[in-house]
Amino acid sequence: MHYINYEEHRRHGTEDFPMEFYSVDAQHPRYNMPYHWHKETELLYILEGEVVVSLNGTEHHLKEGELCYIPGGMLHACKPSNCAYECIDFDLNTLLQQTRLIRHYLRKMENEYSTIQTLFTHEQPGVLKCAARLFAAARTRQEGWELLVLAGLFDFFGTVMQQHYYSDCRLTKNRQQRVQQIKTAMEYIELNYQKNISLDDLARTTGLSSKYFCRYFRTITNRTPIDYLNYYRVERACYLLDQQRHTITEVAYDCGFNDISYFIRCFKKYKGTTPLQYTKQIASQTAKK
């Protein structure tokens with residue numbers, strides 16, 4: 001899948017061990033993580049610096065050594081600041097349901113899925129110690145690392161249950177509906193970004209008027225729908241430019257820009273550089289490998 005898809009359509013990890021680990025710093029193409037969601041649960045661990053994590057439209061600030069728990073299906077994004085962070089994505093049920101006792105706890109967490117605390121700061125040192133051991137095992141991948149990862153996940157969830165790091169903080173029914181409507185609009189963008197898309201087109205997919213859709217979209221993403229559409233198109237353009245198989249003009253038209261000058265302005269707005277400068281940077285990095 002492309003890293004800019006809003007819903008990730010790939011399976012994380014392997015069939016035998018459905019877990020995936022990745023490390024992100026300023027050189028990573030997904031350093032600024034756009035809004036997306038996936039069915040797997042995700043743990044996001046801050047190695048250094050600070051990051052703003054948006055969960056269903058609510059922003060949270062995390063710093064070095066802190067952890068974010070992201071339930072499957074939650075719309076989330078990440079804006080780092082001089083930051084390096086790591087992520088573990090895993091299928092909660094497939095990976096952990098080994099015995100009837102464990103399935104009992106998993107069902108409890110699943111039935112109250114949104115109630116598990118999402119942020120773990122230095123005020124919860126026990127959980128952070130669990131996270132440090134878990135991520136170290138996934139990072140080093142020495143012999144037996146899978147067992148240590150499983151132990152780390154059991155340790156994490158056991159500590160969460162023991163310390164009662166969960167509460168009745170589920171989204172209201174109305175907000176759940178609004179978040180799902182935003183997801184629907186994002187899926188429409190993903191499938192139709194090459195076409196001419198208007199605000200009315202996007203609003204129509206959600207069943208809201210353009211006025212209310214624009215308001216709710218901005219509340220969740222901190223962008224207007226059209227601003228986000230252009231942002232998505234530029235991210236797609238970066239993906240194509242990374243392949244070094246297309247001219248800048250071809251990429252612009254392929255990503256829904258009918259005016260090259262407008263494409264260049266939008267590209268510079270979101271990336272801080274022009275498409276030509278970006279391609280030169282990519283070529284330089286490729287030559288060094």
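Position 1 is the first residue of the sequence; numbering continues from there.
With a 6.0 Å radius and a threshold of 12 heavy atoms from other residues, nucleotides or ligands, Q243 has its CD atom above the threshold.
By the 4.0 Å N-to-carboxylate-O rule, K269 lies close enough to D227 to be salt-bridged with it.
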So N82 and E48, side chain to side chain donor-acceptor pair (under 3.5 Å) or not? Walk me through it.
-> CA-CA 8 Å; N82 297 318; E48 59 183 54; over 6 Å; no

Determine, step by step, whether D242 and Y278 satisfy the side chain to side chain donor-acceptor pair (under 3.5 Å) criterion, reporting the C-alpha distance in whole Å, the side-chain angles of both residues, the deciding distance to 0.1 Å, and the verdict.
-> CA-CA 9 Å; D242 286 346; Y278 182 85; 2.9 Å; yes

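In this view, F217 and F213, Y228 satisfy the ring pair (Phe, Tyr, Trp, His ring centres under 6.0 Å) rule, not counting sequence neighbours. Residues passing the side-chain contact (heavy atoms from CB on, under 4.5 Å) test with E250, sequence neighbours excluded: H246, T247. Every residue two or more places apart in sequence or in another chain that forms a side-chain contact (heavy atoms from CB on, under 4.5 Å) with Q277 is listed here: T273, T274. Taking the ring pair (Phe, Tyr, Trp, His ring centres under 6.0 Å) definition, one finds that Y270 meets it with Y231, sequence neighbours left out.
Judged by distance alone, with hydrogens and angles left aside, the side-chain atoms of T58 form no donor-acceptor pair with the main-chain N or O of S54 at under 3.5 Å. Listed for the N56 side chain is a donor-acceptor partner under 3.5 Å among the backbone atoms of L75. K268 contributes no side-chain N or O that, together with a main-chain N or O of F263, makes up a donor-acceptor pair within less than 3.5 Å. Panel note: side chain Y188, backbone I197; no donor-acceptor pair is recorded below 3.5 Å. Of the possible donor and acceptor atoms, none in the side chain of N192 sits under 3.5 Å from a partner among the backbone N and O of K195. Side-chain atoms of Y31 come within 3.5 Å of backbone atoms of C83 as a donor-acceptor pair (strictly under, hydrogens ignored). At distances below 3.5 Å, not a single donor-acceptor pair connects side-chain atoms of H61 with backbone N or O atoms of E59. Side-chain atoms of H122 come within 3.5 Å of backbone N or O of E64 as a donor-acceptor pair. In this structure a side-chain-to-backbone donor-acceptor pair under 3.5 Å is present from E66 to K63. Listed for the Q163 side chain is no donor-acceptor partner under 3.5 Å among the backbone atoms of V160.
Centroid-to-centroid, the aromatic rings of H60 and H76 stay 6.0 Å apart or farther. Aromatic ring centroids of W145 and F21 lie 6.0 Å or more apart.
Nearest heavy-atom pair, L208 versus R178, reported as atom, atom and distance to 0.1 Å: CD2-NH1, 3.8 Å.
At least one side-chain heavy atom of E146 sits under 4.5 Å from a side-chain heavy atom of F17. Between C78 and V52, the closest side-chain pair of non-hydrogen atoms is not below 4.5 Å.
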List the atom pairs, donor and acceptor, that lie under 3.5 Å between side-chain atoms in residues 131-142 and the rest of the protein, sequence neighbours left out.
unit_1, atom_1, unit_2, atom_2, d
R133, NH2, D155, OD2, 2.7
R139, NE, E86, OE1, 3.4
R139, NE, E86, OE2, 2.6
R139, NH2, E86, OE1, 2.8
T140, OG1, A136, O, 2.9
R141, NE, A138, O, 3.3

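Rounding to the nearest 0.5 angstrom, the gap separating the CE atom in M186 from the CD atom in Q181 is 13.0 Å. Rounding to the nearest 0.5 Å places OH of Y165 at 8.0 Å from CZ of F120.
Residue pairs meeting the side chain to side chain donor-acceptor pair (under 3.5 Å) criterion with at least one member in residues 202-216, sequence neighbours excluded, are D200-S210, D201-R204.
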